[in-house]
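As the structure is a computational prediction, the values presented were derived from the model and not from experiment.
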There are 2 protein chains.
Amino acid sequence: MYEELKYWYLRDHKLFRTLSFSQIRQLCIITGFKKASKGEIIYFSSSDLPRIFLLKKGNIKIVAVDEDGNETIKDIIQKGDLFGELTLEADHKTNEYAKVLSDDVVICSFLMSDFEDLLLRNPTLALSYTKFVGLKMKRIKNSYANLISKDAKTRLYQFLKDWAEQEGVKNGNSVTIENYLTQNDIAQIICTSRQTATQLLNEMEANNLLMYKRKEILIADINKL
Amino acid sequence: MYEELKYWYLRDHKLFRTLSFSQIRQLCIITGFKKASKGEIIYFSSSDLPRIFLLKKGNIKIVAVDEDGNETIKDIIQKGDLFGELTLEADHKTNEYAKVLSDDVVICSFLMSDFEDLLLRNPTLALSYTKFVGLKMKRIKNSYANLISKDAKTRLYQFLKDWAEQEGVKNGNSVTIENYLTQNDIAQIICTSRQTATQLLNEMEANNLLMYKRKEILIADINKL
DNA sequence: TCTCAAGTGTAACGTAGCCGACATTTTGTT
DNA sequence: AACAAAATGTCGGCTACGTTACACTTGAGA
């Protein structure tokens, strides 16, 4: 891959806007790239050095497996998102992997230690990064708060609203979302059983609130959710 | 309050160990202090400039009130913890207050903007702070993960284990915890009703797993939880 | 010492939503 | 076109837990 392309891959992330060309080059030198396609599973091999990843294209989900073998969706990563050990603290206990949801993805990565060096030499970047992590924390807190105190229906509504806001294409009050999730995925995200999710989605469809299709979701009126 | 005391108040927090005397002095100049006693409610007045707080003594709980007037315990802050807008991002939407749980508390605070300046001039501190926030995020994630996927009993067990680990006084396998929470508080933390919490605690007492008293909790064998 | 509010104990009842057990539809693969 | 695998649809029983309701206990303040 051309150095220049690598440069732009980082450059257009808002976090790195403040960096000079040479600083990004330094990151680029140690950058790894990976392409993968739908269904593929990517392990953050713990044997490898800890890395921070940047999803350039597509969507992936982070799945955690607990001691009983239960799979939980930890996070849905979208184009442009950073993921991995954002806390800058390696953690070998958790057993996590990423699964590709969209047709194909491009992931680039850099070593945590190199990133740390960069932060040390760049206080402004360090500050932005801290705020960035903080923002992520706030989002997590909010979504969990929803999960806990509301019932399944409210959680689904909230999830759809959030999703529509983040990725939906508006057309007046109606919104179209590209659907790369299965009903099972959605169920896991809002922490309910697949059956309940199916039921609720059908109920919404019966009430003309939306149209659920495998490839897209059409919300008739986002304000009615 | 003597300048020197202020200095030590910050100095003995692990986050500030790397700072020089003069750097801490700079923080100290803008530091506010507050003492409060049991039951008192402290508002993070949003009219005021955004601050970061450091709890020097005692315990407090952070309570959020939603639009329906429901109160949720957001966090339990213990001696030595930082709290407030750790994300360095002011947020006026949420309606939160702190309630003092222990007999008396000492809180000191500094302005977020001053702290930011300090971070900019201190890359090492910025990095530690980022890791600190990251750690907090990880803890939150874990506790929420527990809340969601496990039943009330497991949640209570986990909560007691965590609490014992953080604050308990070990004596062989038995642990004594100073109990500054009511059963209602505990119920709110583990997200269940007061009645269910009471029932579970009594059940545990019947099984000789612990002794619940208003002032302390005695866990017979921490490994059996 | 008395009083009252806060904290704790206990029971009956209703229900959201999990789970198992299917049938049906859609998609990708040969 | 044919098949298997994945995704979706539907139902009924079961249960953990919230809710309502009330009695008892404790401790702080008058």
No-hydrogen, no-angle side-chain donor-acceptor test under 3.5 Å, A/D185 and A/Y180: no
Between P of D/dC17 and CD1 of B/I190, the distance in whole Å: 9 Å
Rounded interatomic separation in angstrom, taking NZ from B/K38 and P from C/dA5: 19 Å
Sugar-phosphate, base or nothing in reach of B/S193, heavy atoms under 4.0 Å: base
B/N184 CG - C/dA5 C1' separation (whole Å): 14 Å
Flag for A/N207-A/E203: side-chain donor and acceptor within less than 3.5 Å: no
Distance-only donor-acceptor test (3.5 Å): side chain B/R194, base C/dG9: yes
Do any N or O atoms of the protein come closer than 3.5 Å to N or O atoms of nucleotides 25-30 of chain D, and which pairs are they?
none

Nearest-0.5 Å distance that lies between atom CD1 in A/I177 and atom CD1 in A/I217: 5.0 Å
Under 4.0 angstrom between A/T196 side-chain N/O and C/dA16 OP1 or OP2: no
Distance in angstrom units between B/R155 CZ and D/dC17 P, rounded: 7 Å
Any donor-acceptor N/O pair under 3.5 Å between D/dT20 base and B/Q195 side chain: yes
DNA chain C: 5'-proximal contact among B/N179 and B/Q199 (nearest heavy atom): B/N179
N/O donor-acceptor pair under 3.5 Å between A/R155 side chain and A/N146 backbone: no
Between D/dA7 (C1') and A/Q188 (CD): distance, integer Å: 14 Å
B/Y212: which of B/I186, B/N202, B/T198 passes side chain to side chain contact (heavy atoms under 4.5 Å, CB included): B/I186
First of A/T192 and B/K213 reached from the 5' end of DNA chain C, by closest nucleotide: B/K213
Phosphate-side-chain proximity, B/Q183 and C/dG9, N/O vs OP1/OP2 below 4.0 Å: yes
Rounded distance in Å - CG (B/L201) to C1' (C/dT10): 14 Å
Atom pair distance, as rounded to whole Å: CG in B/L200 and C1' in C/dT10: 14 Å
Qualifying residue for side chain to side chain contact (heavy atoms under 4.5 Å, CB included) with A/F83, from A/I60, A/L54, A/I52: A/I60
Atom-pair distance (CD on B/E216; P on C/dG7), nearest Å: 19 Å
Check: B/E71 main-chain N/O paired with B/Q188 side-chain donor or acceptor under 3.5 Å: yes
